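Report on the structure given below.
Quick caveat, the model's predicted, so the values are computed rather than measured. The residues of the chain are indexed from 1 along the displayed sequence.
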Amino acid sequence: MSSPAEYYKSLPPITKAYGTLCLLTTTAYQFGLVDPRYIALFYKPVFTQFQVWRLITNFFFLGKFSINFGIRLLMIARYGVQLEKVPFDRRTADFLWMMIFGAFSLLVLAAIPIFWTPLLGVSLVFMLLYVWSREFPNAQISIYGLVTLKAFYLPWAMLALDVIFGSPIIPDLLGIIAGHLYYFLTVLHPLAGGRNILKTPTWVHKLVARWRIGAPPTSAQPERTTGAAFRGRSYRLND
């Protein structure tokens with residue numbers, strides 16, 4: 001069994017960076033170093049006082065140390081990591097672009113009054129979960145050792161659990177919407193014969209190459225299955 005340091009070193013770069021920032025933000029909050037009011041998404045100070053950092057920092061707070069925080073961090077460590085390691089293997093720029101597009105989509109959705117939520121970290125994690133569930137739709141997932149279901153239904157099961165435990169469902173719903181939008185534009189629409197209108201921009205590829213983030217890309221692309229739209233792609237799940 002690898003040590004915690006070896007495990008952390010083995011994590012893919014984008015997921016590692018995001019999970020680390022979420023952990024550091026909550027740690028800083030617990031020590032009284034960060035006030036969520038100053039990192040939360042409030043559009044008025046963004047445009048009137050140029051507090052543009054709010055458009056980014058709100059994605060890094062998953063709440064105080066709690067069971068819910070642990071679950072969200074584990075979702076990043078399991079589903080985000082596997083997503084970056086398998087479907088996005090050697091495609092770091094594409095994975096980063098997915099995160100950027102997801103964050104931008106959530107910011108747009110949060111501008112709608114009924115969808116507004118000050119902290120979109122949970123939503124971004126749910127987006128990762130949703131995309132993962134579409135890439136591995138037939139994986140068997142056990143929830144607390146009580147129920148086993150296909151990964152395709154996991155986002156809805158997690159949303160139902162949040163309803164049962166009294167957590168807000170808007171962040172979860174926003175993540176599902178953003179995840180489906182990304183998956184539709186990059187997978188379902190092209191599989192149906194349409195054009196991929198969400199290709200990773202050149203500037204993202206240049207950014208990743210300049211900073212040498214992740215493994216160098218290859219020309220090989222993940223194999224996609226044919227047939228019904230929601231079958232996803234073909235990958236082998238590691239034990």
Is it true that atom [atom1] of [X] has more than 12 heavy atoms of other residues, nucleotides or ligands lying nearer than 6.0 Å?
X      : atom1 : result
Ile67  : CD1   : no
Trp156 : CH2   : no
Phe65  : CZ    : yes

Margin query: When you measure from the centre of the six-membered ring of Tyr8, is the NZ or CZ of Lys16 closer than 6.0 Å and no more than 45° off the axis?
Written below: yes
Nearest non-hydrogen partners of [X] and [Y], listed with the distance:
X      : Y      : answer
Pro13  : Thr92  : CG-CG2, 4.2 Å
Ala93  : Val208 : CA-CG2, 3.7 Å
Lys85  : Pro12  : CE-CD, 3.8 Å
Ala103 : Leu124 : N-CD1, 4.1 Å
Ala178 : Ser105 : CB-CB, 4.2 Å
Leu174 : Leu106 : O-CD2, 3.4 Å

Notebook entry, point to check: Between Val122 and Arg72, is a side chain to side chain contact (heavy atoms under 4.5 Å, CB included) present by the stated rule, with each step listed?
Noted result: CA-CA 7 Å; Val122 171; Arg72 304 310 183 200; 3.8 Å; yes
Are any non-hydrogen side-chain atoms of [X] and [Y] less than 4.5 angstrom apart?
X      : Y      : value
Pro168 : Thr117 : no
Tyr43  : Thr48  : no
Pro155 : Arg134 : yes
Phe165 : Asn68  : no
Phe101 : Leu181 : yes
Met98  : Leu83  : yes
Arg90  : Pro216 : yes

Just how far is it from atom [atom1] of [X] to atom [atom2] of [Y], taken to the nearest 0.5 Å?
X      : Y      : atom1 : atom2 : result
Ile76  : Leu21  : CD1   : CG    : 10.0 Å
Leu154 : Tyr130 : CG    : OH    : 12.0 Å
Ile141 : Thr148 : CD1   : OG1   : 9.0 Å
Lys44  : Arg54  : NZ    : CZ    : 12.0 Å
Leu128 : Tyr182 : CG    : OH    : 10.5 Å
Ile14  : Tyr18  : CD1   : OH    : 13.0 Å

Checklist line | Backbone N/O of Ser167 and side chain of Asp162: donor-acceptor pair under 3.5 Å | finding: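 No, Asp162 side chain to Ser167 backbone: no donor-acceptor pair under 3.5 Å.
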Joint hydrophobic cluster, [X] plus [Y], side-chain heavy atoms closer than 4.5 Å:
X      : Y      : value
Leu41  : Phe104 : no
Leu11  : Val125 : no
Ile112 : Val46  : yes
Val81  : Phe69  : no
Leu198 : Val108 : no

Next item on the list: Determine whether the side chains of Tyr38 and Thr57 contain a donor N or O and an acceptor N or O closer than 3.5 Å.
Entry: no
Next item on the list: Measure up the Phe88 and Phe95 rings against each other and bin them: parallel (under 30°), tilted (30 to 60°), perpendicular (over 60°).
Entry: perpendicular
Check: Among Asp89, Asp94, Leu96, Thr15, which residue meets the side chain to side chain contact (heavy atoms under 4.5 Å, CB included) test with Glu84?
Finding: Thr15
Next item on the list: Decide side chain to side chain contact (heavy atoms under 4.5 Å, CB included) for Met158 and Phe126; before the verdict, give the C-alpha distance in whole Å, the side-chain angles of both, and the deciding distance to 0.1 Å.
Entry: CA-CA 9 Å; Met158 296 300 293; Phe126 240 80; 3.6 Å; yes
Check: Are Trp116 and Phe42 close enough, and set up right, to give a ring-ring contact (aromatic ring centres under 6.0 Å, His included), and what steps lead you there?
Finding: CA-CA 9 Å; Trp116 177 79; Phe42 296 109; 5.7 Å; yes
Next item on the list: Tell me, with the steps shown, if Glu135 and Val86 meet side chain to side chain contact (heavy atoms under 4.5 Å, CB included).
Entry: CA-CA 9 Å; Glu135 294 288 358; Val86 184; over 6 Å; no
Note to self: Run Leu24 and Phe60 through side chain to side chain contact (heavy atoms under 4.5 Å, CB included) and show every step you take.
What the structure shows: CA-CA 9 Å; Leu24 290 176; Phe60 301 138; over 6 Å; no
